Amino acid sequence: MKRKLLFDRLDSTEFEEFCFELIEAIGFVNVDWRKGTGKKTSPADRGRDIECQQVVKDIDGATHLETWLIDCKHFKSGIPPKELQNLLTWAEAKSPNVALFIASNYLSNGAKDYLEEYRSNRRPPFKIKVWEAPQLQKLAAKKIGLLRKFNLVSDPIRNVNQLLKAEHELFEKIWYDRHQLLRQLKAEGKEKVDEEVWKGARRAAAKVEKKYGKKNLGPYDKFDWGMINGKLSALRWVLGDDWDMLDT
C-alpha cells in the first residue's frame, strides 16, 4: 500500500525526532540526536541534527563504519540554498563520509543548483546526499509502528472481524501442521490416539485441506514456522490473550 506521509502534522523538532527514529529503524548504528537541549528548538546542534554510522561490508567480508552527518529540513515550501550551508561547513570541519539532507518536502531549484556548484567547485572529500519527500516516504513505508507513533498516516486500524479472521486462519494452519506430525508418529507406533477422536481429527484435517489447499499448508521451514507462530501470538495478544498463547 502506497501511503502519503502527513509531515504537516509535525513541527520541526518532531520531524527531527522522526528522522532520528527512522535512521535507527533502517539499520544505522551509534545514532546521536544532537538536539543539545530540552527546548523545542535545537540551538546546540552546530549545523547537524543527527550523527550516525553505517556498517559497510567489503567484498572480502570485512566490515567498517562510515560516519554520516544529517541535517533535517522541515519546510512547507522548497528549501533555499542558505539552509544548506551550516551542514556543509560542519562537514568540511569534521570530514564525515556522507553529509545528508533529509527534507520533508523538496529542495528548491536554487538549492539543487547550489549543491551542484558546491560539488564542482569545492570537490569535497565527503558524499552529499539528499532524501526528499518521495525517498523518505519509500524508506519509511513499511515502518507502520513508527508512522503511527508520529501520526503520519490516516489508515484505519484493522477492525476486530479482520483480526479474528486472520487469527482463525493461523490457528487452523498450525493445528493442521501439528496434526500431520501426530499422524506420522501414530503411523510409526510412537503415539496412540483413540480411534473415534482420530476419525474426528481426520475429518477436520480434510476440511482444512479443502479450505486452503494442501500446497498452502506446509511443510514449513524453521523461519516460516517461527513467523506463523509469532503472528498468531501477536494477534491473540491484541485480542486480549497473554503473550505466547499458542494453544491449538
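We number each residue from 1, following the sequence as shown. These numbers come from a predicted model, not from an experiment.
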**pair Lys143-Ile26: side-chain heavy atoms closer than 4.5 Å** = yes

**Prompt:** Under 4.5 Å between side-chain heavy atoms, hopping through other hydrophobics if needed: is there a path connecting Phe171 to Leu182?
**Reply:** no

Give the table of side-chain donor-acceptor pairs shorter than 3.5 Å for residues 60-69, with sequence neighbours excluded, one pair per line with atom names and distance.
from  : atom 1 : to    : atom 2 : distance (Å)
Asp60 : OD1    : Ala62 : N      : 3.1
His64 : ND1    : Asp58 : OD1    : 3.2
Thr67 : OG1    : Gln53 : NE2    : 3.3

**Item:** Salt-bridge present (Glu209, Lys215; N to O < 4.0 Å)
**Value:** no

**Message:** Within this structure, what is the CZ-CG distance for the pair Phe101 and Leu87, rounded to the nearest 0.5 Å?
**Reply:** 4.0 Å

**Request:** Determine, for Lys173 against Glu169, whether the closest basic-nitrogen to carboxylate-oxygen distance falls under 4.0 angstrom.
**Result:** yes

**Prompt:** Among the clusters formed by ILVMFWY side chains lying less than 4.5 Å apart, do Tyr106 and Leu152 turn up in the same one?
**Reply:** no

**Side-chain hydrophobic cluster, 4.5 Å single linkage: members besides Trp225** = Val160, Leu163, Leu164, Leu170, Ile174, Tyr220, Ile228, Leu232, Leu235, Trp237, Val238, Leu239, Trp243, Leu246

**Prompt:** Any side-chain heavy atom of Ile50 within less than 4.5 Å of one from Asp32?
**Reply:** no

**salt_bridge(Glu167, Lys231) N-O dist < 4.0 Å** = no

**Prompt:** Taking C-beta and beyond as the side chain, do Phe15 and Asp11 meet within less than 4.5 Å on heavy atoms?
**Reply:** no

**Asked** For the atom pair CG (Asp224) and CG (Asn229), what is the distance rounded to the nearest 0.5 Å?
**Response** 11.0 Å

**ILVMFWY cluster, Met227 and Tyr176 together (side-chain gap under 4.5 Å)** = no

**Item:** ILVMFWY cluster, Ile70 and Val31 together (side-chain gap under 4.5 Å)
**Value:** yes

**Request:** Using a 4.5 Å cut-off on heavy atoms from C-beta on, say whether the side chain of Ile128 contacts that of Leu84.
**Result:** no

**Step-by-step side-chain hydrogen bond (donor to acceptor under 3.5 Å, both in side chains) determination, Trp33 to Glu16** = CA-CA 8 Å; Trp33 184 16; Glu16 283 185 25; 2.8 Å; yes

Less than 3.5 Å apart, which donor and acceptor atoms pair up between the side chains of residues 189-207 and the rest of the protein, not counting sequence neighbours?
from   : atom 1 : to     : atom 2 : distance (Å)
Lys190 : NZ     : Glu188 : OE1    : 3.4
Asp194 : OD2    : Glu196 : N      : 3.0
Asp194 : OD2    : Val197 : N      : 3.2

**Prompt:** If we ignore angles and hydrogens, is there a donor and acceptor under 3.5 Å between the side chains of His74 and Ser12?
**Reply:** no

**Prompt:** Judged by atom type as modelled, is there a donor-acceptor pair below 3.5 Å linking the side chain of Asp49 to the main-chain atoms of Asp71?
**Reply:** no

**Asked** Does Met245 reach the side chain of Asp247, with side-chain heavy atoms less than 4.5 Å apart?
**Response** yes

